[in-house]
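Note that the coordinates shown come from a computational prediction; the quantities given were computed from them, not determined experimentally.
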Amino acid sequence: MKALLATLALTLSATSFAATSNTDALKSIVEAGTFQGKNCSVTVSHSGDSSSVSVTAQGTTEYFTIMNITSSTGYAVSYKEETNELSGMQQIRFPKYQYGGSKMFYAKLKADGKALVSISTILLDHRGNDASTYASCEISK
């Protein structure tokens, strides 16, 4: 009986320390919907084990999908709970560009209650030409 209680207590304590899922981390920064910032907008939708984010700023729209996996080949997301920051990276395949390119995601809930969301695409071709794009927006949630 003591062993059963000890096992139950250990199981309950382990689940209480479970890491925050990536989609829950994003929800703590910004919920689903479309939000307007100064000359920019952020659209977020949540479904099951993933969330889609788009940021439009200065005529550029960038997209990123947050999935409830820590990392896989070419994809990684990390959440710093103490600072409420979520960041991600995804390798993308474009044969024309060196190493195919990459997408970067960053979201942070600031102390003033506003959220900063940015997405960038890094694309450099074999001749050194830069086709990278970037969109960032600060919104009130």
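- Considering CD of Q91 and CD1 of I122, their distance stands at 10.5 Å, rounded to 0.5 Å.
- Neither V53 nor L116 shares a network with the other; the hydrophobic side chains, linked directly or stepwise wherever heavy atoms of I, L, V, M, F, W or Y lie under 4.5 Å apart, form separate groups for each.
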Run M104 and Q90 through side chain to side chain contact (heavy atoms under 4.5 Å, CB included) and show every step you take.
CA-CA 7 Å; M104 309 299 273; Q90 178 183 5; over 6 Å; no
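- Side-chain atoms of Y75 come within 3.5 Å of backbone N or O of M67 as a donor-acceptor pair.
- A heavy-atom distance below 4.5 Å is found between the side chains of I66 and F105.
- For S118 and S136, the side-chain atoms include no donor-acceptor pair closer than 3.5 Å.
- At distances below 3.5 Å, at least one donor-acceptor pair connects side-chain atoms of S132 with backbone N or O atoms of L123.
- Residues V117 and C137 are not in side-chain contact: their nearest non-hydrogen atoms beyond the backbone lie 4.5 Å or more apart.
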Could you list the donor-acceptor pairs under 3.5 angstrom formed between side-chain atoms of residues 24-44 and any protein atom two or more places apart in sequence or on another chain?
from : atom 1 : to  : atom 2 : distance (Å)
D24  : OD2    : S21 : OG     : 3.2
S28  : OG     : A25 : O      : 2.6
S28  : OG     : N84 : OD1    : 3.2
T34  : OG1    : T43 : OG1    : 3.3

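- Here I119 contributes atom CD1 and T61 contributes atom OG1; the two are 9.5 Å apart, rounded to the nearest 0.5 Å.
- Atom OG of S140 is separated from atom CG of D112 by 7.5 Å, given to the nearest 0.5 angstrom.
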Please evaluate residues T60 and Q58 with respect to the criterion side chain to side chain donor-acceptor pair (under 3.5 Å), reporting the C-alpha separation (whole Å), side-chain torsions for both, the decisive distance (0.1 Å), and the verdict.
CA-CA 6 Å; T60 300; Q58 301 171 351; over 6 Å; no
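- Cluster annotation: I69 is not connected to M89 through the hydrophobic network of ILVMFWY side chains, with a link wherever side-chain heavy atoms come within less than 4.5 Å.
- Taking CZ from F64 and NZ from K103, the interatomic distance works out to 8.0 Å, rounded to the nearest 0.5 Å.
- Under the 4.5 Å side-chain criterion, counting only non-hydrogen atoms from C-beta, Y79 is not in contact with E85.
- From T23, atom OG1 reaches atom CG of N68 across 3.5 Å, with rounding to the nearest 0.5 Å.
- Within a 6.0 Å radius of NZ in K114, other residues, nucleotides and ligands contribute 12 heavy atoms or fewer.
- A donor-acceptor pair shorter than 3.5 Å can be found between the side chains of E62 and T121.
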